[in-house]
Q: 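What follows is a single structure, and I will ask about it in a moment.
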Amino acid sequence: MPELSHRRRMLVLAICCMSLLIVSLDVTILNVALPAMQTDLHASTSGLQWTIDAYTLVLASLLMLAGSTADRIGRKRVFIVGLVVFSLGSLLCSLAPDLDALIWFRMIQAVGGSMLNPVAMSIITNTFTEPRERARAIGVWGAVVGISMAAGPLIGGLLVDSVGWRSIFWINLPVGVAALLLTLKFIPESRAPKARRADPVGQLLVIALFGSLTYAIIEAPDSGFTAILPFAILALVALVGLVWYEPRRDEPLIDLRFFRSAPFSGATVIAISAFSALGGFLFLSTLYLQNVVGLDALHAGLWMLPMAVPTFLCAPISGRLVGSRGPRIPLLIAGSAMTVSALLFAGFEAETSNVSRFIGYLLFGIGFGFVNAPITNTAVSGMPRAQAGVAAAVASTSRQLGQTLGVAVVGAVLASGIGSSSYKETFVSAARPGWWILVVCGLAVLVLGLVTSGVWARRTAERTAEQLQSFELREAAGINA
């Protein structure tokens with residue numbers, strides 16, 4: 001990629017952030033619309049889970065393929081295709097005649113979305129090459145998630161109450177078209193110096209692992225252990241297959257050597273934990289506010305502001321801290337705040353009081369605002385720039401997998417607890433085990449943030465980077481590594 005002026009780099013960052021905005025908005029807007037969709041489409045709790053998880057599951061399954069493909073055939077080209085497919089999928093979702101069609105159209109949306117976030121992050125990584133400037137750019141990137149969390153519930157609530165739930169997908173169309181036109185004009189093409197071959201076996205194993213695991217979790221309350229056992233076994237076989245097969249490929253879909261770096265491995269698990277907490281938090285909060293308290297979509301969206309605003313404000317601060325002090329401080333703040341927030345709901349039924357609910361939402365927003373920048377920066381820092389797309393895709397995959405598992409596990413726990421009982425009377429007690437799961441997720445962020453940001457961890461990252469760069473040099477020279 002040619003060296004760009006500061007103004008052009010800022011424009012590239014803005015265009016990439018537009019893609020993140022529509023992908024992130026789609027999640028927060030949808031959460032507010034869940035009760036309206038449940039009534040209109042006669043959906044069960046598992047049906048609501050699938051409207052979210054069909055999207056995040058396909059994203060998680062295809063992100064690494066999209067990242068490596070973009071490195072191979074051109075990041076701008078893949079980014080453009082992603083914008084077109086995502087916008088088309090959004091249009092189809094707004095026209096869905098029933099729940100099954102909506103779930104399939106959400107999967108089409110996700111195919112396009114898989115080509116946006118990791119590719120955009122790869123473009124940013126190759127545009128902002130100076131470490132401190134890149135960390136700040138990633139902080140801005142993280143702030144966009146906060147914007148989506150702030151704007152999504154409000155826009156979604158307003159649209160659901162005034163026009164209907166189908167209109168929540170229309171918001172993606174003008175933003176997608178604008179991003180497409182700006183990409184064609186201003187983003188330069190870039191690709192890895194050496195093209196990576198496709199890994200169809202690895203891709204199929206990833207799809208089998210994520211899909212079967214998610215299905216087993218979501219359907220367990222309704223279908224029972226015997227019915228979901230084959231899918232649990234398939235997930236285990238796919239995991240073993242990945243661990244055995246991928247190291248034997250010269251150019252694997254998942255380069256397991258990345259995980260020799262303790263910060264990279266820690267960032268992956270932190271991403272899964274943090275976004276599991278986010279997925280579960282939004283799912284429980286939305287259903288409680290609308291189905292139990294009885295708020296309409298707009299007022300439920302307003303209740304999300306105490307969480308969304310701190311996320312927006314804290315993300316750039318986190319980026320600056322990562323650039324100047326490293327990832328430890330932001331991760332410790334994130335883990336502590338998210339743990340205390342979930343603990344308020346798990347141990348003290350914070351949702352039943354306006355004051356404690358406000359405090360819980362506020363703390364979660366602060367924690368989530370600090371967690372994004374260190375995850376992304378740690379994932380791409382120290383890795384060869386030629387593999388920026390793959391490294392960023394692993395980080396993005398971890399986020400989407402976390403959100404998928406959060407909704408699946410917390411939703412399954414909720415469905416099991418409610419059963420055939422009165423929804424309003426049993427919701428708080430049925431949701432309590434789900435909140436304890438979110439406490440564990442927050443603790444994982446806290447502990448791993450402490451462990452994987454020390455001197456020992458940084459040394460493993462340096463050794464891993466040296467090994468990867470040495471391997472690439474030998475490969476470029478035609479020496480069999």
Q: Test your reading of the model: is there a side-chain donor-acceptor pair from Ser398 to the backbone of Val394, 3.5 Å cut-off?
A: yes
Q: Quick one, Phe79 and Ile15 - any side-chain contact, counting heavy atoms below 4.5 Å?
A: yes
Q: Can you find a pair of side-chain heavy atoms, one from Met338 and one from Cys441, that are under 4.5 Å apart?
A: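 The answer is no, as the side chains (C-beta and beyond) never meet within the 4.5 Å cut-off.
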Q: Does CZ belonging to Arg432 count more than 12 external heavy atoms closer than 6.0 Å?
A: yes
Q: Ignoring hydrogens and angles, tell me if any N or O in the side chain of Tyr288 forms a donor-acceptor pair with the backbone of Glu351 under 3.5 Å.
A: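 Checked: pair present.
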Q: Do Val58 and Arg106 have side chains that get closer than 4.5 Å, going by heavy atoms?
A: no
Q: Judged by atom type as modelled, is there a donor-acceptor pair below 3.5 Å linking the side chain of Thr69 to the main-chain atoms of Leu65?
A: yes
Q: Start with the C-alpha distance between Gln203 and Leu62, add both sets of side-chain angles, then the distance that settles side chain to side chain contact (heavy atoms under 4.5 Å, CB included), and finish with yes or no.
A: CA-CA 8 Å; Gln203 183 61 61; Leu62 298 182; 3.8 Å; yes
Q: Between the side chains of Gln400 and Thr56, does any donor sit under 3.5 Å from an acceptor?
A: no
Q: Look only at the side chain of Arg249 and the backbone of Tyr245, and say whether a donor-acceptor pair between them is shorter than 3.5 Å.
A: no
Q: Taking all heavy atoms of Phe210 and all of Thr397, pick out the closest pair and write down the distance.
A: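 So the two residues come closest at CE1-CG2, 3.8 Å.
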Q: Report the C-alpha distance between Thr268 and Phe258 in whole Å, list the side-chain angles of each, state the deciding distance to 0.1 Å, and finish with yes or no for side chain to side chain contact (heavy atoms under 4.5 Å, CB included).
A: CA-CA 10 Å; Thr268 302; Phe258 285 179; over 6 Å; no
Q: Ignoring hydrogens and geometry, is there a side-chain-to-backbone donor-acceptor pair from Thr452 to Pro263 under 3.5 Å?
A: no
Q: Any chance you could measure Ile359, atom CD1, to Asn354, atom CG, to the nearest 0.5 Å?
A: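 It comes to 11.0 Å.
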Q: Show the nearest heavy-atom pair for residues Leu205 and Ala238, with the distance to one decimal.
A: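 Residues Leu205 and Ala238, closest heavy atoms: O-CB, 3.6 Å.
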Q: I need the minimum non-hydrogen distance between Ala271 and Ile375, along with the two atoms involved.
A: CA-CD1, 3.6 Å
Q: Just wondering, do Ser356 and Leu344 contact through their side chains at under 4.5 Å, heavy atoms?
A: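 Leu344 does not reach Ser356 side chain to side chain.
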Q: Just by modelled atom types, is the Leu48 backbone N or O under 3.5 Å from a matching donor or acceptor in the Thr51 side chain?
A: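 Yes; at least one donor-acceptor contact below 3.5 Å.
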Q: Any sub-3.5 Å donor-acceptor pair from Thr311's side-chain atoms to Met307's backbone N or O?
A: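 Yes, because the side chain of Thr311 sits within donor-acceptor range (under 3.5 Å) of the backbone of Met307.
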Q: Test your reading of the model: is there a side-chain donor-acceptor pair from Ser265 to the backbone of Phe259, 3.5 Å cut-off?
A: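 Such a contact is found between Ser265 side chain and Phe259 backbone.
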Q: Can you check whether Leu13 reaches Arg9 side chain to side chain, under 4.5 Å on heavy atoms?
A: no
Q: Is there side-chain contact between Ile52 and Leu34, with at least one heavy-atom pair below 4.5 Å?
A: yes
Q: About how many Å separate CH2 of Trp435 and OG of Ser341, when rounded to the nearest 0.5 Å?
A: 7.0 Å
Q: Indicate the atoms forming the closest heavy-atom contact of Ser19 with Leu83, along with that distance.
A: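 Heavy atoms only, the tightest pair is CB-CD2, 4.5 Å.
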Q: Atom CD1 of Ile317 and atom CZ of Phe370: how far apart are they, to the nearest 0.5 Å?
A: 5.5 Å
Q: Going by the angle between their ring planes, with limits at 30° and 60°, are Phe345 and Phe281 parallel, tilted or perpendicular?
A: perpendicular
Q: Ignoring hydrogens and angles, state whether a donor on the side chain of Arg75 or Ser190 is under 3.5 Å from an acceptor on the partner side chain.
A: yes
Q: Decide whether Glu219 and Trp50 meet the rule of one side-chain donor and one side-chain acceptor closer than 3.5 Å.
A: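 Trp50 and Glu219 do have a side-chain donor-acceptor pair below 3.5 Å.
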Q: Indicate yes or no: at least one non-hydrogen side-chain atom of Leu405 is less than 4.5 angstrom from one of Ile217.
A: yes
Q: Show your reasoning for whether side chain to side chain contact (heavy atoms under 4.5 Å, CB included) applies to Thr460 and Phe264.
A: CA-CA 10 Å; Thr460 67; Phe264 184 89; over 6 Å; no
Q: Hey, are the side chains of Tyr55 and Asp26 touching, using non-hydrogen atoms and a 4.5 Å cut-off?
A: yes
Q: Could you pull out the closest heavy-atom pair between Ile187 and Cys16, with the gap in Å?
A: CD1-SG, 4.5 Å
Q: Go through the steps to decide whether Phe86 and Ile22 satisfy the test side chain to side chain contact (heavy atoms under 4.5 Å, CB included), and finish with yes or no.
A: CA-CA 9 Å; Phe86 185 86; Ile22 55 177; 3.7 Å; yes
Q: How many angstroms lie between CG in Leu204 and OG in Ser61, if you round to the nearest 0.5 Å?
A: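 Answer for the CG-OG pair, Leu204 versus Ser61, is 10.5 Å.
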Q: CG of Leu116 to CG of Leu21: how many Å apart, nearest 0.5 Å?
A: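 Between atom CG of Leu116 and atom CG of Leu21 there are 11.5 Å.
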Q: Is Glu246 reaching over with its side chain to a backbone N or O of Ile254, donor-acceptor style, under 3.5 angstrom?
A: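 Checking the backbone N and O of Ile254 against the side chain of Glu246, a donor-acceptor pair under 3.5 Å is found.
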Q: Quick one: does any side-chain atom of Gln49 pair with a main-chain N or O of Thr404 as donor and acceptor, under 3.5 Å?
A: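 Judged by distance alone, no pair lies under 3.5 Å.
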Q: Which atom names give the shortest non-hydrogen contact between Ala334 and Gly367, and what distance separates them?
A: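 Closest approach of Ala334 to Gly367, heavy atoms only: CB-O, 3.1 Å.
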Q: In Å and rounded to the nearest 0.5 Å, what is the CZ to OG1 distance from Phe283 to Thr45?
A: 6.0 Å
